[in-house]
Amino acid sequence: MESHNLLTQLHLPTTSYGTGSQVRLPGKTAMLPKIFKFGTPYEEMYDNLVAEDFGYFTQNGIIPLCIRGASIKASPTRWQDTDVEVIRSHDVVICFEERIFDAVVEDLQLREPGDDFKPVFVICLDTKDNPTESKKMGRKCCELCWRLEKIEDLSEGLGDVIEEFGEEMGKVTDVKVLYQVCYL
């Protein structure tokens with residue numbers, strides 16, 4: 001959501017998705033996460049967390065996460081439940097964990113392609129899931145997206161931009177940059 005927020009502020013068309021079976025937020029213990037169904041409004045999640053323990057969920061950053069999420073969209077959306085025509089409207093999909101990258105690529109490979117066999121470029125900026133790394137990678141994601149915006153033909157230029165970006169990233173962080181071309 002950090003990148004979604006930043007990209008939206010830069011007026012780049014952005015949509016965000018989850019890939020799991022449910023929305024899992026950190027709970028009071030690792031064994032007891034807060035679980036919500038995809039489509040549950042952020043406002044409802046917020047109310048649930050406030051009722052349980054406002055102080056705790058504010059301190060661990062989940063209340064602010066729900067507030068930010070609600071300012072961006074009504075509720076979390078699941079990638080696999082999204083209509084193929086909506087998915088086909090995306091030229092580039094950026095994932096922030098390798099397991100999510102794998103799930104998106106697998107889903108794209110299982111979908112029935114359209115008549116025009118459109119490429120969808122899936123990129124992974126494998127990032128640790130914490131506020132500090134999310135902010136840092138959100139800025140890097142914006143930088144990458146601006147580079148991609150300058151490419152006339154993604155099929156021709158994306159590989160070079162990703163390779164150059166990955167080399168630059170390798171000098172300042174251990175984040176892996178992966179990409180895959182899928183067709184729908």
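Residue numbers run from 1 in the order of the sequence given.
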*Asks:* Between Asp126 (side chain) and Glu98 (backbone), is there a donor-acceptor pair under 3.5 Å?
*Replies:* yes
*Asks:* Got a second to check how far Ser3's OG is from Met137's CE, nearest 0.5 Å?
*Replies:*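 Rounded to the nearest 0.5 Å, the OG-CE separation comes to 8.5 Å.
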*Asks:* Cut-off 3.5 Å, no hydrogens considered: what does the side-chain donor-acceptor table look like for residues 37-46, sequence neighbours left out?
*Replies:*
from  : atom 1 : to    : atom 2 : distance (Å)
Thr40 : OG1    : Lys37 : N      : 3.4
Thr40 : OG1    : Lys37 : O      : 2.7

*Asks:* Ignoring hydrogens and geometry, is there a side-chain-to-backbone donor-acceptor pair from Gln180 to Ile123 under 3.5 Å?
*Replies:*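 Flag not set: sc Gln180 to bb Ile123 has no pair under 3.5 Å.
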*Asks:* Hey, quick one: are Phe54 and Tyr56 part of the same hydrophobic cluster, counting side-chain heavy atoms closer than 4.5 Å, chains of contacts allowed?
*Replies:*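 As far as the 4.5 Å side-chain criterion goes, Tyr56 and Phe54 are connected within one cluster.
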*Asks:* If we ignore hydrogens and angles and just use 3.5 Å, is the side chain of Thr127 paired with the main-chain N or O of Leu125 as donor and acceptor?
*Replies:*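 Side chain of Thr127 to backbone of Leu125, a donor-acceptor pair under 3.5 Å: yes, one is there.
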*Asks:* State, with a plain yes or no, whether a side-chain heavy atom of Lys176 is found less than 4.5 Å away from one of Cys124.
*Replies:* no
*Asks:* Before you tell me yes or no, could you show the steps for Ile72 and Arg68 under side-chain contact (heavy atoms from CB on, under 4.5 Å), namely the whole-Å CA-CA distance, both residues' side-chain angles and the distance that decides it to 0.1 Å?
*Replies:* CA-CA 7 Å; Ile72 294 170; Arg68 183 183 65 191; 4.0 Å; yes
*Asks:* What distance separates Gln22 CD from Arg78 CZ, expressed to the nearest 0.5 Å?
*Replies:*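 Reported value, rounded in 0.5 Å steps: 10.0 Å.
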*Asks:* Using the rule given for side-chain contact (heavy atoms from CB on, under 4.5 Å), can you reason through Lys34 versus Ile62, listing the C-alpha separation, both sets of side-chain angles and the distance that settles it, and then say yes or no?
*Replies:* CA-CA 10 Å; Lys34 297 299 296 177; Ile62 302 304; over 6 Å; no
*Asks:* Is the shortest side-chain N to carboxylate O distance from Lys171 to Glu168 below 4.0 Å?
*Replies:*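 Judged by the 4.0 Å cut-off on N to carboxylate O distance, Lys171 and Glu168 do not form a salt bridge.
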*Asks:* Show the numbers, then the answer: is there a side-chain contact (heavy atoms from CB on, under 4.5 Å) between Ile100 and Trp79?
*Replies:* CA-CA 10 Å; Ile100 294 171; Trp79 170 268; over 6 Å; no
*Asks:* Would Leu144 and Leu158 show up in the same hydrophobic cluster when neighbours are defined by side-chain heavy atoms closer than 4.5 Å?
*Replies:*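 Yes, because Leu144 and Leu158 connect within a single hydrophobic cluster, where side-chain heavy atoms sit under 4.5 Å apart.
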*Asks:* Rounded to the nearest 0.5 Å, what separates atom CZ in Phe57 from atom SG in Cys66?
*Replies:*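 Result: 9.5 Å between the selected atoms.
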*Asks:* Do the ring planes of Tyr17 and His90 sit parallel (below 30°), tilted (30 to 60°) or perpendicular (above 60°)?
*Replies:* perpendicular
*Asks:* To the nearest 0.5 Å, tell me how far Asn5 CG sits from Ser134 OG.
*Replies:*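 Going from the CG atom of Asn5 to the OG atom of Ser134 covers 12.0 Å.
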*Asks:* Measure across Ile94 and Val92 and return the closest heavy-atom pair with its distance rounded to 0.1 Å.
*Replies:* CG1-CG1, 3.9 Å
*Asks:* For Arg147 and Glu143: C-alpha separation, side-chain torsions, deciding distance, then whether salt bridge (charged side-chain N to carboxylate O under 4.0 Å, His left out) applies.
*Replies:* CA-CA 6 Å; Arg147 291 182 189 192; Glu143 181 184 322; 2.9 Å; yes
*Asks:* Check whether Lys140 reaches the backbone of Met169 with its side chain - one donor and one acceptor, N or O, closer than 3.5 Å.
*Replies:*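 No, Lys140 side chain to Met169 backbone: no donor-acceptor pair under 3.5 Å.
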*Asks:* Going by heavy atoms in the side chains, are Val177 and Phe165 under 4.5 Å from each other?
*Replies:*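 The answer is yes, as the side chains (C-beta and beyond) meet within the 4.5 Å cut-off.
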*Asks:* For Tyr183, which residues count as a ring pair (Phe, Tyr, Trp, His ring centres under 6.0 Å) partner, sequence neighbours excluded?
*Replies:* Phe117
*Asks:* For the backbone of Gln80 and the side chain of Thr82, can you confirm whether one donor and one acceptor N or O come within less than 3.5 Å of each other?
*Replies:*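 Between the backbone of Gln80 and the side chain of Thr82 there is no qualifying donor-acceptor contact (under 3.5 Å).
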*Asks:* Could you tell me whether the side chain of Arg88 and the main chain of Leu184 form a donor-acceptor pair under 3.5 Å?
*Replies:*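 Such a contact is found between Arg88 side chain and Leu184 backbone.
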*Asks:* More than 12 foreign heavy atoms under 6.0 Å from CD of Gln59: is that the case here?
*Replies:* no
*Asks:* Does Leu178 belong to the same Ile/Leu/Val/Met/Phe/Trp/Tyr cluster as Leu154, with side-chain heavy atoms less than 4.5 Å apart forming each link?
*Replies:* no
*Asks:* Between atom CG of Leu49 and atom CG of Asn60, what is the distance when rounded to the nearest 0.5 Å?
*Replies:*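 Reported to 0.5 Å precision, the distance equals 8.5 Å.
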*Asks:* Any chain of hydrophobic side-chain contacts (each under 4.5 Å) joining Val104 to Val84?
*Replies:* yes
*Asks:* What's the spacing between Leu7 CG and Leu12 CG if we round to 0.5 Å?
*Replies:* 5.5 Å
*Asks:* Is it possible for you to say whether Ile162 and Phe96 belong to one hydrophobic cluster, with membership spreading through side-chain heavy-atom contacts below 4.5 Å?
*Replies:* yes
*Asks:* How close do Lys73 and Ser16 get, heavy atom to heavy atom, and via which atoms?
*Replies:* NZ-O, 2.6 Å
*Asks:* Tell me, please, which residues at least two apart from His4 pass ring pair (Phe, Tyr, Trp, His ring centres under 6.0 Å).
*Replies:*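 Applying ring pair (Phe, Tyr, Trp, His ring centres under 6.0 Å) to His4 gives none.
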*Asks:* Using side-chain heavy atoms (C-beta onward) and a distance below 4.5 Å, is Tyr179 in contact with Val122?
*Replies:*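 The answer is no; the side chains never approach within 4.5 Å.
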